[in-house]
Amino acid sequence: MRFVRFSAILICTGLLFGCGTKGDDTKKSELALIKTTNPSPSVLDHRTEKNVDMAEGIKEEIQNYKEIYDAAIIKGDKDILVAYKVKHMYRFQMKKIEKDLKKKLEKKYPDEKFTISSDYKIFLEAVRLQEKMKNPDFSRKEANKKLQDIIKLQQEMT
Amino acid sequence: MLMGKQSWVFQNKPVIAATGVTGGPFEANGKLAADFDILHDDLWIDEDSYEKAHRVLIEEACETVLKKANLQEEDIHFFIAGDLINQITPTSFSARTNQIPYFGIFGACSTSMEGLALASFMIDHGGAKNIITGSGSHNAAAERQFRYPTEYGGQKPPTAQWTVTGAGFALVKENDGTDENCPVTVSATIGKVVDMGLTDPFNMGGAMAPAATDTILAHFKDLNLDASYYDLIVTGDLGEIGRNTSYELLTNAGVKMDKEKYQDCGLLIYKEDQPVNSGASGSGCSAAVLYGHLLNQMKKGKYKRILVVATGALLSPMSFQQGESIPCIAHAVSIEMP
Amino acid sequence: MSSKQKKKTPEQQKYDILQKKHETKRPVLKNCLRAFLVGGIICTIGQAITYFYIYFFNFTEQTAGNPTVATMVFLAMLLTGFGVYDHIGQYGGAGSAVPVTGFSNAVVSAAIEHRTEGLVLGVGGNIFKLAGSVIVFGVFAAFVVALIKTILINWGVL
Amino acid sequence: MLPMFFWAFIVGGIICVIGQLLFDVGKLTPGHTLSLMVVIGAVLDGFGLYEPLIDFAGAGATIPITSFGNSLVHGALNEAERHGIVGVLTGMFEVTSSGISAAIIFGFLGALVFKPKG
C-alpha cells in the first residue's frame, strides 16, 4: 500500500517535470532564461547608422546598472523593447529599477516609445524573435507584428 | 442490588453466553485480528456510505451472537446498544432490522459498559431473560463527524487517538446453570461525569483519565475491595497518555497495583507500528476488545476476575467550538469466571 | 488562553499540571523541518509549473500565476482523490496545508466526503465547510485593507 | 532563473514553518491558522510588501495561501483606481477568481469521480 502511494507521487512529479523539459533542441533561446545570453541589440527598422547607434547606446546605458545582468533590446518601427534580467538579490527592488530605467531612457531619447520589462517571458520572447530574424526569409513586417504581440503581452498585467 | 453509593452487585450472576465481534481493515492488521469473528477488508463494506457500513458492522455482530447462541431474534427480550454517530442512527437502524425491543443509549465510548451494566441489572432482577448489548464505532464515520473529512490533510498531534472500526456485541443471559465455561457479570459501578477542564479534543486520553480513576476508586470503596482482587483492570480507550496519567492518579490515591495489571483496550488492539499515535478509541474499542480478546483469554483461563472500565468523552464538535471543556464519564463492570 | 486558565478550579489546575507531565509533546522542531521541506518542495513544483507556462504558453511571469494555481489545485485534487494527500498532510503538517494545494485539499476532501448526502445538499452545501473561513476572512481583511488604502490615497496621505 | 527555484523553496518553506509554529506552539486549528495567514497576506499587501516578495521568490510567495489575501487586495485596489471607492467592493475577486473557481470546479468533479478512502 505504502509503495503504491509512493509510486503514485513519483509518477505525478515525473509527469510534471517530463512535460517541463520536452523538446530538447538546444537553441540559444531555449536556454535564454538559464544562462546569461547577452544578445546584441537588434534593429527591425531601417538599419541606419542612427538607429544602430541608438540601440547600442541603450545597451550601454543599461550596462551601467549594477542590478541588471542581461538585456535584449529590439528597436522596431515605432517602439523600442527593452527586456532585461535583474540580479536575484535585487529583485526586491525590481519595480523601482523599472521605473528608474524608464525615466532615464525617456529623458535621453524623448522621441522614442519605450516598453521596458524585467519579465522573464518578455526576455524569452525577445530572444526568440532575435533568433528568428537571423533567418533571411523572416520579413520585417512579420517581425514588427511579433514585436507588437510582445508589447501587448507586457501590458496585460494582472 | 445497590451497594455503597453507586454500585450494583448482581447476586444471580448473569452469564455472557455468546459474543460477536466485527472489525475493519485496520483491525485486521492489528494485534487481535484472531479474536474477531468477521473482518472486512474495506471500510465501505459494500455500502454507499460510512454510516451504512457502520450499521452493517453492528448488524453482523448481532447476527453472529444469535448464531453462536443458537437463538432467534424473537428469543431476545431487549437490545441495549449505542454508538457515536449523531442520534445513534446506526444502532437504531440495526434495531429496525432485528426488531428486538430496543433501548438506545449514549455514553460515548463508555456505551459498551453502560449497556452491559444495564443488561446485567435487568436480568439479575428478572426484567428479562435474554438481552443483547454492545456497541460499535466506525473510524471514517466518526472522523467526519468529530473532526475533518477523512481525506483532509490535517496533521494529528501525537496525543490523538484512532477510532476503531468495529463492533462488539454480547448475549447476556439469565444464569440457569446451562452455560458452562462462560464468564458472568458480578458487579458494576456507574460513574459520574468528571470534568477537569481540558479542552483539547485531540487529547481525549488526558481528559478521560480522571473519570476512569474516579470510577475505579468508587468501585473499590463501594464493594470494599482493592486492586489485588482482580487479575486485570482494563480501561476502555485511555491510550498511552491516559493510562499513564490515571495510573499516577490511582497511585496518588493509595491504590497499590502492578502497572502490568492495569491495561487499556486502546493499547491492546493495534500493533506498535500502526500509526495510531496515542492509541485506539471509539465505542467499538472496549466492546470489541472485551467481547473478543479478553473473554477468550478468560475462557482459556488466563484471567479469572477482570474489571472493565469503559471511558467516554461526552463532547460534540459544537460544544468544543463553543469553548466548552470536555466532560468525561466511566462505567465499570466486573466480570468473573465461575 | 490566560482567561481560560483563570476559570479553572484549583483542583483542575493541579490536574492540568499532572496531566501535562504525561502528555506526549508535539515534536515542534521535527514538524517545522518537515513543514519546511514539504512546503518548499510544493512551492518549487509551483515554480516549475510557472516556468512551464512561460516557456510553452503565452503567459508572462505576472499572468502565469493563475494557470499555475489552477494546475496545483488540480494536482491536489488527484492526490486527495487517490487518498494520498491526507498522508502527506500527516507528514508535512503546515507544509502541505499552507500552500494553495492545502486549500484545494480542504475543498475537495469536503466535497467528496459529502457526496453521500447528494450533489446539492451534500457537495454544494459542504464544499466550503473548511475552506469557507479562509475566503471569508481573506475577503473581509482585503476589504478593510483596500478601503483604508483607497481613502488614504484620496486624502493624499499616500 | 535557477536561483528562483532556490528562493521559491526557501521562502515557501519559511512561510510553511510559520504556519507550523501557529499549529504547534500557538495551538491553533488549521482553520484558524489559514484564516490568520490570509489576513496577514492582505495586510502585507496593504503596506506594499507582498509584491516585492513575489518578485523575489516567485511561486514561493504565490503558492502559499497568504498570496490569496494579497491578490484580493490587489484586485480591490486596481478596481478602486478606476472606479473610485465602489471598486473596492466590485474588484475583490478580479485577480483571485482562478484559484477559487478552479477549487470549486475540481472539487465538484472530484466528488463525481472519487470516493473517500478513509
Side-chain angles (χ1 to χ4, degrees), chain C residues 26 28 31-32 35-44 46-48 50-51 61 65-66 68-70 72-74 77 80-81 83 93-95 97-100 102-104 107-109 111-113 115 119 123 127 130-131 133-135 137-139 141-143 145-151, chain D residues 1 4-5 8-17 19-25 30-31 33-35 37-39 41-43 45-46 58-60 62-65 67-69 72-73 76-77 80 85 88-89 92 98-100 102-104 106-111 113-118:
Chain C
R26 298 188 190 203
V28 178
N31 280 351
C32 283
F36 183 74
L37 201 69
V38 173
I41 289 172
I42 290 175
C43 291
T44 313
Q47 190 66 49
T50 307
Y51 280 134
E61 260 183 277
N66 287 340
T68 304
V69 164
M72 296 297 278
V73 165
F74 176 73
M77 175 201 80
T80 306
V98 170
V100 72
F103 177 80
S104 165
V107 172
V108 176
S109 66
I112 62 177
E113 188 72 39
R115 175 71 182 87
L119 284 180
V123 177
I127 195 165
L130 298 170
S133 68
V134 171
I135 297 181
F137 280 93
V139 167
F143 174 73
V145 168
L147 194 67
I148 292 173
K149 205 163 177 188
T150 312
I151 290 173
Chain D
M1 175 185 182
M4 204 66 158
F5 283 101
F9 184 87
I10 299 292
V11 171
I14 288 172
I15 294 175
C16 292
V17 168
Q20 188 70 43
L21 288 174
L22 290 172
F23 277 0
D24 282 351
V25 181
T33 309
L34 298 183
S35 302
M37 295 198 80
V38 171
V39 173
V43 171
D45 193 50
T62 55
I63 294 294
I65 199 76
S67 82
F68 183 69
L72 283 168
V73 172
L77 285 179
I85 212 127
V88 173
L89 277 177
M92 195 76 82
S98 76
I100 293 179
I104 294 176
F106 292 135
F108 194 81
L109 287 177
V113 178
F114 293 114
K115 261 178 143 190
K117 297 273 186 296

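Hydrogens, waters and symmetry mates play no part in the numbers below; they use all other heavy atoms, side chains included. Throughout, protein chains are lettered first and strands after them, A, B, ... in sequence-line order, and every chain is numbered starting at 1.
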inquiry  = Any heavy-atom pair between the side chains of D:M4 and C:E61 that's under 4.5 Å?
reply    = yes
task = Measure C:V123 against the heavy atoms of chain D and call it side chain, backbone, both or neither at under 4.5 Å.
result = side chain
query = Which answer fits D:V25, side chain, backbone, both or neither, if we ask what part of it has an atom under 4.5 Å from a heavy atom of chain C?
reply = side chain
ask   = What pair of heavy atoms forms the shortest contact from C:P99 to D:C16, and how long is it?
value = CD-SG, 3.8 Å
query = Sequence neighbours excluded, which residues qualify as side chain to side chain contact (heavy atoms under 4.5 Å, CB included) partners of D:S67?
reply = D:Y50
message = Less than 4.5 Å to any heavy atom of chain D: does that hold for the side chain of C:M77, its backbone, both, or neither?
response = both
message = For the CZ atom on C:F137, are there more than 12 heavy atoms of other groups (residues, nucleotides or ligands in this structure) within a distance under 6.0 Å?
response = no
inquiry  = Contact between C:C43 and D:P64 at the side-chain level, heavy atoms closer than 4.5 Å - yes or no?
reply    = yes
inquiry  = Just so I understand: if I count every heavy-atom pair under 4.5 Å between each of D:V11, D:D45, D:I10 and chain C, which residue has the most?
reply    = D:I10
key: Closest approach of D:A59 to C:G46 (non-hydrogen atoms, all atoms of both residues)   = CB-C, 3.6 Å
ask   = CZ of C:F36 to CD1 of D:I15: how many Å apart, nearest 0.5 Å?
value = 11.0 Å
ask   = Can you list the steps and then say if D:F106 with C:T80 is a side chain to side chain contact (heavy atoms under 4.5 Å, CB included)?
value = CA-CA 11 Å; D:F106 292 135; C:T80 306; over 6 Å; no
key: Side chain, backbone, both or neither of C:I127 within contact of chain D (heavy atoms, under 4.5 Å)   = side chain
task = Can you tell which part of C:V108 gets under 4.5 Å to a heavy atom of chain D, answering side chain, backbone, both or neither?
result = both
ask   = Measuring heavy-atom distances to chain C, does D:F68 have an atom under 4.5 Å in its side chain, in its backbone, in both, or in neither?
value = side chain
inquiry  = Tell me whether the rings of D:F5 and C:Y51 are parallel (<30°), tilted (30 to 60°) or perpendicular (>60°).
reply    = tilted
task = Using a 4.5 Å cut-off on heavy atoms from C-beta on, say whether the side chain of D:F108 contacts that of C:L119.
result = yes
ask   = Roughly how far, to the nearest 0.5 Å, is the CD1 atom of D:I104 from the OG atom of C:S104?
value = 11.5 Å
ask   = Any side-chain heavy atom of D:T62 within less than 4.5 Å of one from C:T68?
value = no
message = Just so I understand: if I count every heavy-atom pair under 4.5 Å between each of D:G60, D:A80, D:G69 and chain C, which residue has the most?
response = D:G60
query = If you count heavy-atom pairs under 4.5 Å with chain C, which of D:L34, D:L89, D:I63 comes out on top?
reply = D:I63
inquiry  = As an exercise, state the distance from CG of D:L77 to CG of C:L147, rounded to the nearest 0.5 Å.
reply    = 10.0 Å
query = Which bit of D:L22 is near chain C, if near means a heavy-atom gap under 4.5 Å: side chain, backbone, both or neither?
reply = neither
Check: D:Q20 side chain, C:A35 main-chain N or O, donor-acceptor pair, under 3.5 Å = no
message = Please classify the contact of C:I148 with chain D as side chain, backbone, both or neither, using a heavy-atom distance under 4.5 Å.
response = neither
inquiry  = Quick check: closest heavy atoms across D:A76 and C:A146, and the distance to 0.1 Å?
reply    = CB-CB, 3.6 Å
Top of D:D24, D:V73, D:V17, D:V38 for chain C proximity - count of heavy-atom pairs under 4.5 angstrom = D:D24
task = Measure the shortest side-chain to side-chain distance between D:S35 and C:S133 over non-hydrogen atoms and say whether it is less than 4.5 angstrom.
result = yes
task = Between chain D and each of C:R115, C:E113, C:R26, count heavy-atom pairs under 4.5 Å; write down the option with the most.
result = C:R26
task = Of all the heavy-atom pairs spanning D:A42 and C:V145, show the shortest one and how long it is.
result = O-CG1, 3.6 Å
Residue among C:L37, C:V38, C:I135, C:T50 with most heavy-atom pairs under 4.5 Å to chain D = C:I135
key: Residue, of C:V69, C:V134, C:V107, C:I41, that accumulates the most heavy atom pairs under 4.5 Å with chain D   = C:V134
request  = Determine the minimum heavy-atom distance between C:G83 and D:K117, stating which atoms define it.
outcome  = CA-CG, 4.0 Å
ask   = Which pair of non-hydrogen atoms, one from C:A142 and one from D:L72, has the smallest distance, and what is that distance?
value = CB-CB, 3.4 Å
